[in-house]
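To start, the structure itself, in structure tokens.
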Amino acid sequence: MNERYNHKEIEAKWQKYWEENNCFETVEDDSKEKYYVLEMFPYPSGKLHMGHVRNYSIGDIVARFKKMDGYNVLHPMGWDSFGLPAENAAIKHGIHPAKWTWENIAEMREQLKELGLSYDWNREVATCHEDYYKWMQWIFIQFYKRGLAYKKENPVNWCPDCQTVLANEQVVDGCCERCKAVVGKKNLSQWYLKITDYADRLLDNLDTLEGWPNKVKMMQKNWIGRSYGAEVDFGIKDDDRKLRIFTTRCDTLFGVTYMVMSPEHPYVNSLVEGTEYEAAVKEYQEKVQKMTDIERTSTANEKTGVFIGRYAVNPLNGKEVPIFISDYVLMGYGTGAIMAVPAHDQRDFDFAKTFGLEIIPVVDPQNPEIDLYDLKEAFVAEGTMINSGEFNGMNNRDAIEKVADYLKEKGIGEKTVNYRLRDWLISRQRYWGTPIPMIYCEECGWVPEKEENLPVLLPTDVEFTGKGESPLTTSATFGDTVCPCCGKPARREMDTMDTFLDSSWYFLRYADPKNAEAPFDPAKAAYWFGKNGVDQYIGGVEHAILHLMYARFFQMALYDMGLASCEEPFENLLTQGMVNKDGKKMSKSIGNVVSPEEIIEKYGADTARLFILFAAPPERELDWSDTGVEGSYRFLSRVYRLVYEFVEKYGSVPETFEAKTAADKSLNYVLNSTIKKVSEDVGGRFSFNTAISSIMELVNEMYRYKELEDLNVGLLGKAVKELIIILSPFTPHICEEMWEHIGQTGSLTTMAWPEFDEDALVKDEVLIVVQVNGKLKDKMMVANNASQEDLEKIVMENEKIQALLEGKTVVKVISVPNRLLNIVVK
RNA sequence: GCCGGAGUGGCGGAAUAGGCAGACGCACAGGACUUAAAAUCCUGCGGUCCUUACAGACCGUACCGGUUCGACCCCGGUCUCCGGCACCA
């Protein structure tokens with residue numbers, strides 16, 4: 001070991017050692033309790049950024065700690081390697097997506113290794129590898145067989161730049177999540193997964209996920225958007241059909257003054273055909289169809305619509321009301337038609353004001369300040385029913401139930417549940433994704449490829465133009481095949497799968513990554529998942545809805561098929577905050593990007609890991625600070641010097657010691673309380689910043705102690721040894737080096753986490769805070785576990801306290817053992 | 001609009017079950033070592049007031065109020081910021 005800390009030499013040396021000695025290989029072992037720690041696998045964009053460093057550092061501390069703490073730890077890594085950037089590179093630079101991707105993977109794998117992360121690289125998976133996507137296709141076919149995958153023509157979100165459809169979840173503020181282009185609509189026949197079948201389970205299970213941040217659970221709840229209500233059939237004047245609507249406000253049925261249908265509602269055309277209203281209706285429909293979601297929602301306040309010349313009949317009172325079409329009613333939610341109650345719904349109120357329609361109040365707020373017959377806005381709160389026949393006088397909340405029961409009894413409606421969540425549209429008109437293993441036969445319709453023929457390989461004779469349909473259509477060899485059912489010539493599906501499917505089960509594949517017979521062996525998965533799934537999942541909060549809901553859906557579906565051992569994939573979830581610089585997100589355009597490469601080069605991986613964990617709690621945003629990094633490097637150098645100096649002076653670590661002096665006891669106390677704190681902070685509440693600060697305090701204490709004349713070498717040696725161990729999950733390279741230097745053999749990766757000595761934590765004297773009327777007045781050292789009587793006696797003898805109590809009456813004395821004494825006076 | 005968070009020194013943050021507010025680090029200031037610099041080590045570092053000094057007093061966790069012997073922490077209200085959903089009937 002050099003006198004000075006040389007991070008480059010040390011890190012290269014120990015990375016080589018770990019690799020050559022397979023230090024991180026994991027096998028199933030029933031004799032040990034398992035611990036599965038997983039970080040969200042990266043898209044291989046080419047280079048790591050600080051967000052990756054943060055994500056993987058957190059995971060690595062946990063993995064290394066749990067391993068030392070006696071668990072059989074699974075800590076894998078892989079690549080979410082299908083996706084658009086690879087294809088864009090092909091279009092732009094003429095590199096094949098496969099080549100581009102595999103080169104990026106190789107580069108990023110090296111960078112991960114340079115961070116000293118304890119992955120079992122034998123379990124590496126890449127979703128673009130045929131060994132992986134073969135099983136992706138197999139799973140898709142099982143979904144299809146169970147009715148969870150279906151094809152349907154629908155207006156879909158279409159990104160004009162990416163030239164592909166997007167799932168609802170991938171449209172953010174009306175724009176493509178990836179390229180930010182304004183998303184339009186297109187009618188296409190596409191594959192869907194029936195995630196709505198799982199809406200209730202996805203929602204209700206959230207309450208069982210105690211180890212998830214509330215924030216993420218709320219986001220998923222909002223996204224699923226369950227609302228209880230009823231469907232009600234209205235009559236249509238001069239028509240045999242019924243107009244079915246969905247409402248959550250059955251209680252307001254008597255206040256309906258008009259109806260609104262979505263412009264896309266299937267009845268609209270037949271209702272206006274051949275009438276004087278037809279032209280205006282057609283014109284409005286066309287206008288709406290051309291609108292993007294942004295346009296459709298930006299007109300939130302100004303209501304537009306067209307009267308279609310027809311009337312609906314209220315099933316409760318027989319009242320005839322006009323029917324409109326308007327873009328504020330969406331075909332994709334409920335039944336695509338609503339009853340309008342302007343007195344008690346703000347949107348209906350705005351529409352009614354615009355079109356001069358009748359407003360009938362049916363819920364009385366019983367508030368003299370509100371004039372029910374001249375409302376300024378809709379009244380939406382609780383009240384008493386009026387103008388509602390037999391329901392008058394009832395509380396309207398109770399009436400919701402009563403009216404629904406009445407409708408059911410009369411056969412004009414029923415209670416239903418609606419979800420904001422839609423089925424998952426998974427077809428993508430792209431090349432670099434898993435081919436959908438379906439075949440279209442004129443005779444048999446859509447048929448899945450035979451399982452023995454999987455994988456359906458991506459063809460290589462493909463042109464990348466970036467335009468039009470799926471690039472797979474340009475392949476001469478891909479499309480033509482035979483029907484797996486009847487053997488006649490047939491055509492393959494040309495679209496590929498949304499890459500979010502690939503990342504919805506990779507965590508299961510890690511349990512058995514090389515299996516050629518199945519996606520994974522259920523027994524191996526059961527070992528690593530147990531009853532509750534991945535013990536700790538770590539990743540960015542940006543995946544709160546998309547990835548984390550899709551993965552839960554897959555896990556549930558695979559559980560239902562008997563393949564997975566538990567219903568929920570991730571027992572505990574940590575969403576780490578972003579890494580910013582100068583208060584802003586790091587971005588190339590602002591020019592505030594700090595690259596992990598330059599930090600590793602200048603300070604080393606240990607410093608980078610230490611800083612990123614020390615600077616902020618993991619779930620919070622972290623502002624990158626160059627001087628803060630220097631501080632972390634300074635700390636490591638300080639530890640290094642301490643160890644170097646110790647060995648220079650005393651040789652290797654003595655085995656025994658006895659704490660005699662007060663200084664000995666004090667150091668021994670700090671040492672053991674630090675071990676206790678770090679164990680709790682790392683193993684329990686993931687408070688890495690406070691764990692590190694307590695290690696810093698220990699080091700400060702050791703610096704003071706080593707200058708003493710009557711120091712105890714055995715004690716200092718023990719502190720040196722245990723300091724190295726507890727620091728090692730954070731900064732493994734430097735610790736291995738120091739470990740070797742103090743004469744220890746073997747790698748720290750096989751060391752047991754130290755236990756603290758309870759006896760050392762018992763102090764002879766403790767500091768007591770003395771308060772008068774709750775205000776701090778003095779502090780004093782008293783014997784440990786002194787009784788309240790003794791304490792009171794000592795405190796009352798104190799001159800300062802006596803002066804404060806002069807002329808006052810002591811009302812009572814409150815004492816907290818070993819902590820405080822509060823004297824209440826008048 | 002609905003739902004969820006957060007607000008503590010110059011800065012990042014700490015206070016884990018209601019009991020010393022500001023641990024640890026950064027920045028800054030002063031000192032030691034050095035021909036000098038770097039590195040290192042030591043000291044100080046919320047505000048106001050008071051004191052020659054030692055020391056001491058008061059205020060202070062966004063704001064207002066409440067509960068309590070005691071509140072950064074619990075309760076009610078207000079403000080600001082961040083995040084999610086949003087013409088979802």
Side-chain angles (χ1 to χ4, degrees), chain A residues 4 213-227 229 245-249 252 260 262 296-304 326-330 332-341 344-348 350-351 380 418-422 541-542 544-545 583 610-611 614-617 619-632 634-635 637-638 641 677 680-681 684-685 687 689-700 703-704 707 767-779 800 811-816 819-825:
Chain A
R4 285 189 59 112
N214 194 35
K215 181 183 177 176
V216 174
K217 291 195 275 190
M218 289 315 300
M219 283 164 80
Q220 294 208 355
K221 267 184 196 168
N222 282 341
W223 189 265
I224 295 167
R226 178 165 63 192
S227 60
I245 58 97
F246 173 74
T247 181
T248 56
R249 292 294 304 276
T252 62
V260 190
S262 163
R296 198 159 168 169
T297 53
S298 67
T299 55
N301 313 330
E302 311 150 36
K303 292 275 179 288
T304 64
S326 172
D327 60 359
Y328 84 93
V329 175
L330 311 171
Y333 186 77
T335 62
I338 61 156
M339 62 180 211
V341 186
H344 304 295
D345 181 283
Q346 191 57 42
R347 295 155 302 187
D348 298 347
D350 294 340
F351 191 90
V380 295
N418 255 293
Y419 304 91
R420 215 194 68 96
L421 181 74
R422 311 289 154 85
V541 74
E542 66 273 18
I545 298 173
L610 187 72
F611 169 72
F614 179 59
E619 63 282 355
R620 228 184 280 189
E621 285 193 346
L622 183 155
D623 204 69
W624 188 266
S625 152
D626 293 329
T627 52
V629 179
E630 302 245 11
S632 292
R634 203 146 52 217
F635 170 71
S637 305
R638 196 166 144 85
R641 276 197 309 276
K677 181 160 176 61
E680 288 166 358
D681 283 359
R685 56 178 199 142
S687 178
N689 53 330
T690 53
I692 293 167
S693 77
S694 73
I695 296 176
M696 287 173 168
E697 285 180 79
L698 170 62
V699 171
N700 290 344
Y703 260 81
R704 279 189 289 271
E707 298 305 321
L767 186 72
I768 292 286
V769 171
V770 183
Q771 296 179 334
V772 174
N773 286 345
K775 295 218 171 212
L776 173 71
K777 292 297 171 190
D778 205 0
K779 300 169 190 177
K800 205 162 138 189
V811 182
K812 66 172 159 176
V813 178
I814 287 148
S815 138
V816 181
R819 219 174 221 159
L820 127 165
L821 193 82
N822 185 14
I823 305 163
V824 186
V825 298

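Chain naming here is simple, since letters A, B, ... match the order of the sequence lines and numbering starts at 1 in each. Below, each value reflects all heavy atoms present in this structure, side chains not excepted, and no hydrogens, waters or symmetry copies.
On the P atoms, rG5(B) is 12 Å away from rC74(B), given to the nearest whole Å. Annotation: rG84(B) and rC75(B) have their P atoms spaced 26 Å apart (nearest Å). The same atom, P, is picked in rG22(B) and in rA6(B); the two are 23 Å apart, to the nearest Å. When the C1' atom is used for both rA38(B) and rC20(B), the distance is 40 Å, rounded to whole Å. Separation of the P atoms belonging to rG18(B) and rG7(B) is 15 Å when rounded to the nearest angstrom. Comparing the P positions of rG4(B) and rU8(B) gives an interatomic distance of 22 Å, to the nearest angstrom. Nucleotides rA15(B) and rC2(B) have their P atoms positioned 34 Å apart, rounded to a whole Å. For the C1' atoms, the distance from rC45(B) to rG31(B) is 15 Å, rounded to whole Å.
Between the CD atom of E619(A) and the C1' atom of rC82(B) there is a distance of 15 Å, rounded to whole Å. As rounded to whole Å, 19 Å separates atom P of rC82(B) from atom CD of E542(A). In this structure, Y328(A) atom OH and rA89(B) atom P are separated by 13 Å, rounded to whole Å. Atom CZ of R819(A) is separated from atom P of rU16(B) by 9 Å (rounded to the nearest Å). rC3(B) atom P lies 18 Å from atom CZ of R226(A), rounded to whole Å. The interatomic distance linking D681(A) (CG) with rU16(B) (P) rounds to 11 Å, in whole Å. Taking atom CG on N822(A) and atom P on rC20(B), their separation rounds to 12 Å, with Å as the unit. A straight line from CZ of F614(A) to P of rA14(B) spans 10 Å, rounded to a whole angstrom.
When each of rC3(B), rG19(B), rG25(B) is scored by its nearest atom to the side-chain atoms of V816(A), the top-ranked nucleotide is rG19(B). Closest to the V769(A) side chain, of the nucleotides rC41(B), rC20(B), rA14(B), is rC20(B). The listed nucleotides are rA14(B), rG5(B), rC87(B); the one nearest the side chain of R620(A) is rA14(B). Minimum atom distance to the side chain of N214(A) is reached by rG5(B), of the listed rG25(B), rC20(B), rG5(B). Candidate nucleotides rA21(B), rG13(B), rC85(B) were compared by shortest atom distance to the side chain of L776(A), and rA21(B) ranks first.
The base-pairing partner of rG56(B), taking Watson-Crick or G-U wobble contacts with both distances under 3.5 Å, is rC49(B). The partner of rG1(B) is rC85(B), judged by Watson-Crick or G-U wobble contacts that both fall below 3.5 Å. Within the shown strands, rA32(B) is the pairing partner of rU40(B) under the Watson-Crick or G-U definition, both distances less than 3.5 Å. Base pairing of rC73(B): no nucleotide in any strand meets the Watson-Crick or G-U wobble criterion (both distances under 3.5 Å). If you check rC24(B) for Watson-Crick or wobble pairing at under 3.5 angstrom, you find it paired to rG12(B). Of the nucleotides present, rC79(B) is the one that pairs with rG7(B) by Watson-Crick or G-U wobble criteria, both distances under 3.5 Å.
Between T690(A) and the phosphate of rC24(B), there is no side-chain N or O to OP1/OP2 separation shorter than 4.0 Å. Close to rA39(B), at under 4.0 Å from its OP1 or OP2, lies no side-chain N or O of R638(A). The side chain of R634(A) places an N or O atom within less than 4.0 Å of a non-bridging phosphate oxygen (OP1 or OP2) of rC26(B). Contact check, R420(A) against rC3(B): no side-chain N or O comes under 4.0 Å of OP1 or OP2. The shortest distance between the side-chain N/O atoms of K775(A) and the OP1/OP2 oxygens of rA57(B) is not below 4.0 Å. Under 4.0 angstrom from either OP1 or OP2 of rA15(B) there lies at least one side-chain N or O belonging to R685(A). At rG4(B), none of the side-chain N or O atoms of N222(A) fall inside 4.0 Å of OP1 or OP2 (strictly under the cut-off).
Contacts of P617(A) with the nucleic acid, taken as non-hydrogen atoms under 4.0 Å apart, involve only primed sugar atoms and P, OP1 or OP2. Note on V541(A): nothing from the nucleic acid sits closer than 4.0 angstrom, heavy atoms only. Among the atoms of the strands shown, only primed sugar atoms or phosphate atoms (P, OP1, OP2) are found under 4.0 Å from some heavy atom of N700(A). Residue G631(A) is in sugar-phosphate contact alone, with no base atom involved, counting any heavy-atom pair closer than 4.0 Å across all strands shown. Residue contacts shown for K215(A) are limited to sugar-phosphate atoms, with no base heavy atom under 4.0 Å away. As judged by a 4.0 angstrom heavy-atom cut-off over every strand, E621(A) is placed among residues touching the sugar-phosphate backbone only. Using a 4.0 Å heavy-atom criterion, one finds that S326(A) contacts no nucleic acid atom at all. Using a 4.0 Å heavy-atom distance criterion, I692(A) is classed as making no nucleic acid contact. Using a 4.0 Å heavy-atom cutoff across all strands shown, Q771(A) reaches at least one base atom of the nucleic acid.
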Steps toward side-chain contact (heavy atoms from CB on, under 4.5 Å) verdict (I823(A), K777(A)) | CA-CA 10 Å; I823(A) 305 163; K777(A) 292 297 171 190; over 6 Å; no

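At a cut-off of 3.5 angstrom, counting only N and O atoms as typed in the model, there is a donor on one side and an acceptor on the other between the side-chain of K303(A) and the base of rC87(B). A donor N or O paired with an acceptor N or O is not found under 3.5 Å between the base of rG1(B) and the side-chain atoms of Q346(A). Not a single donor-acceptor contact under 3.5 angstrom links the side-chain atoms of K812(A) to the base of rC69(B).
Considering every non-hydrogen atom in both A340(A) and D348(A), the closest pair reads CA-OD2, 3.3 Å. Here the closest heavy-atom approach between residue M696(A) and residue F635(A) is recorded as CG-CE1, 3.5 Å. A pairwise comparison of heavy atoms in H344(A) and R249(A) identifies O-NH1, 4.0 Å as the closest pair. Nearest heavy atom pair, residue A544(A) against residue Q220(A), reads O-NE2, 2.8 Å. The two residues F611(A) and L622(A) come nearest to each other via the heavy atoms CE2-CD2, 4.2 Å. Among all heavy-atom pairs drawn from F351(A) and T304(A), the shortest one is CE1-O, 3.5 Å.
Classified by its glycosidic torsion, rG70(B) falls in the anti category, the angle being over 90° from 0. A syn base is found at rA17(B): its glycosidic angle is within 90° of 0.
Both W223(A) and F246(A) sit near RNA chain B, but only W223(A) has its closest nucleotide nearer the 5' end. Comparing R704(A) and V329(A) against RNA chain B, the residue whose closest nucleotide sits nearer the 5' end is R704(A).
Side-chain contact between Q346(A) and V380(A): absent, with no pair of heavy atoms (C-beta onward) separated by less than 4.5 Å.
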